[in-house]
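One structure is given here, and the rest of the page talks about it.
Order of the sequence lines fixes the chain letters, A, B, ..., with proteins taken first and strands second; residue numbering starts at 1 for each chain. Quick note: numbers below take in every heavy atom, side chains included, and nothing from hydrogens, waters or symmetry partners. Keep in mind that this is a model prediction, so the values were computed, not measured.
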There are 2 protein chains.
Amino acid sequence: MVFQEEHITEIGKKLHQAGMKLTPQRRATVNTLLKYQTKHLSAEELFTLIKLEEPEIGLATVYRTLDLLTELQIVERVTFDDGVARYDLRRADQQHFHHHLLCSVCGKVEEIHEDLLGEVENEVLRKYGFTVQDHRLTFHGVCEACSRKERYQDQG
Amino acid sequence: MVFQEEHITEIGKKLHQAGMKLTPQRRATVNTLLKYQTKHLSAEELFTLIKLEEPEIGLATVYRTLDLLTELQIVERVTFDDGVARYDLRRADQQHFHHHLLCSVCGKVEEIHEDLLGEVENEVLRKYGFTVQDHRLTFHGVCEACSRKERYQDQG
DNA sequence: GTCGGTGCAAACGCTTTGCAACCTA
DNA sequence: TAGGTTGCAAAGCGTTTGCACCGAC
C-alpha cells in the first residue's frame with residue numbers, strides 16, 4: 001500500500017526530528033495501527049497483532065512505543081469508562097474533530113470525523129472563560145443496526 | 001443540613017427498593033459524596049474522607065458501595081485519561097446535562113450543568129442513526145484564572 | 001564507543017474477590 | 001435467624017520500571 005508507506009516515512013521523519021529512531025518494532029507498531037485504524041485497540045490487543053509481523057517484540061516495547069507516539073501526537077489515547085487505554089492513529093488533517101459513538105447493545109465503537117462542537121466551544125469560552133484546546137466526546141446509546149433489531153423484536 | 005437528610009432518606013428508599021440495606025458505611029459514603037459534591041474524588045480519596053466519619057470502614061466496602069450507587073444511578077463514574085475512576089453524585093433533576101472542563105495548567109475540574117448537546121444529539125440521530133442515551137464530554141484547555149495569569153506573565 | 005532501544009521480569013497502583021465474621025430487618 | 005454486608009488479605013489486571021544486553025550511527 002503506497003498510502004501506508006507514505007505514512008510510515010512521514011512518521012519516521014517526525015521521530016527523527018525528535019532525535020529518535022524508526023526501529024523495526026516501531027515500524028511494525030505503526031503498520032498495525034494503520035491496518036486496524038479506528039478499531040480502538042488496547043495495548044494488549046495491539047501487542048498480539050504486532051507479534052504477527054514482529055514476533056520477538058515485548059509488551060513493554062509496545063507500551064513505550066505507544067507512549068512515544070502519543071507524545072508526538074501521532075496517536076491519540078482514549079479511555080472509555082472501562083479504564084483501559086485504547087489507541088487511535090490521528091489523521092493528519094484532523095485536529096480534534098473526532099468523536100465516538102459507543103453502542104451499549106453490541107459494544108461497537110463508531111467514529112465521527114466531523115466537528116460538532118465548534119459553536120459549543122465558543123459558548124464555553126463566552127460563558128465560562130474557558131479556552132478549549134481539545135475535547136473528548138463519547139455518546140453512549142444504541143447504534144443504527146441494533147435499533148433496527150430492537151424494533152423488529154418489539155413487533156415480532 | 002435538612003437538604004442532606006432528605007437526600008439520604010431518598011437514597012435509602014432507592015436501596016430498599018432494590019432489596020438492599022442502608023448501613024452506616026453506606027450512609028457515611030453518601031454523606032461524604034454530598035459534602036464533596038462535584039469534587040470528582042477517586043475511591044481512595046473518598047476512602048480517606050469517609051474514614052473521618054466511619055473509621056472502621058474498609059477500602060473494599062467503599063468500592064462496593066460506589067459500584068452499587070453507580071448501578072442505581074445515584075452516582076456517576078467518570079474516567080479521565082489518567083485511568084482512575086472518579087465519582088460524582090448525580091443531581092435528581094439532572095439527566096445527563098453535565099460536562100467537565102479540565103484545566104491543563106492547574107488541573108482543576110469544573111462542571112457545567114447545562115445541556116450543550118441537545119442539537120448535536122439530534123444531528124447524530126439524523127446523520128448516523130445513533131440513538132443517544134447518555135454522553136461523556138470533557139473539554140481540555142485553560143481555565144479563566146490560568147488564562148489571566150498567562151496573559152499577565154506574557155506582558156510582565 | 002556512545003547512547004538510545006529492547007526484552008524480560010519484577011514492581012506498581014487501582015480495583016476486585018474469597019472468606020469468615022457480623023449485624024440488621 | 002436468614003441473607004445481605006463487612007473487613008481483611010490475597011489475587012487480578014493493565015501499566016510502568018530496572019536492568020543488562022543489543023545495535024545503529
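Nearest heavy atoms, I50(A) versus A28(A): CG2-CB, 3.8 Å.
Not a single donor-acceptor pair under 3.5 Å links the side chain of H140(A) to the backbone N or O of S104(A). Side-chain atoms of H135(B) never come within 3.5 Å of backbone atoms of L137(A) as a donor-acceptor pair (strictly under, hydrogens ignored). Remark: side-chain polar atoms of R77(A) are not paired, donor with acceptor, to backbone N or O of D81(B) under 3.5 angstrom.
For the 3.5 Å distance criterion, the side chains of H98(A) and D88(A) qualify, holding a donor opposite an acceptor.
Here dG5(C) presents its C1' atom at 11 Å from CG of L68(A), a figure rounded to the nearest Å. Rounded to whole Å, atom C1' of dC23(C) lies 13 Å from atom CZ of R26(B). As a whole-Å value, the separation of L22(B) CG from dC23(C) P is 17 Å. Atom pair R27(A):CZ and dT6(C):C1' shows a separation of 17 Å (rounding to whole Å applied). Rounded to an integer number of Å, the gap from CE of M20(A) to P of dT6(C) is 11 Å. One atom, CG of D67(A), and another, P of dT6(C), lie 13 Å apart when rounded to the nearest Å.
Between the side chain of R64(A) and the base of dG4(C) there is no donor-acceptor pair of N/O atoms closer than 3.5 Å.
Considering only side-chain N and O atoms, Y63(B) lies nowhere under 4.0 angstrom from the phosphate OP1 or OP2 of dT16(C). Here T23(A) does not reach the OP1 or OP2 of dG5(C): none of its side-chain N or O atoms lies under 4.0 Å away.
Using a 4.0 Å cutoff on non-hydrogen atoms, the parts of residues 41-59 of chain A near DNA chain C are E56(A), I57(A), G58(A), ordered by number.
Along DNA chain C, the nucleotide nearest A60(B) and the nucleotide nearest P24(B) are compared for position; the residue whose nucleotide lies closer to the 5' end is A60(B). In this structure, K21(B) and R86(A) both approach DNA chain D, and ranking their closest nucleotides by distance from the 5' end singles out K21(B). If Q25(A) and A85(B) are placed on DNA chain C by their nearest nucleotide, the residue sitting closer to the 5' end is Q25(A).
Using bins of under 30°, 30° to 60° and over 60° for the plane-to-plane angle, the ring pair F80(B)/H40(B) lands in the tilted bin.
Think of the region where chain B sits on DNA chain D: with heavy atoms and a 4.0 Å cut, that region ends 5' and 3' at dG3(D) to dC8(D).
The existence of a salt bridge linking E45(B) and R86(B) is confirmed by a sub-4.0 Å separation between a basic side-chain nitrogen and an acidic carboxylate oxygen. Ionic pairing of E144(B) and K108(B) is not present here: no N-O contact between side-chain nitrogen and carboxylate oxygen is shorter than 4.0 angstrom.
Under the side-chain contact (heavy atoms from CB on, under 4.5 Å) rule, L49(B) has a single partner from L33(B), L41(B), N31(B), which is L41(B).
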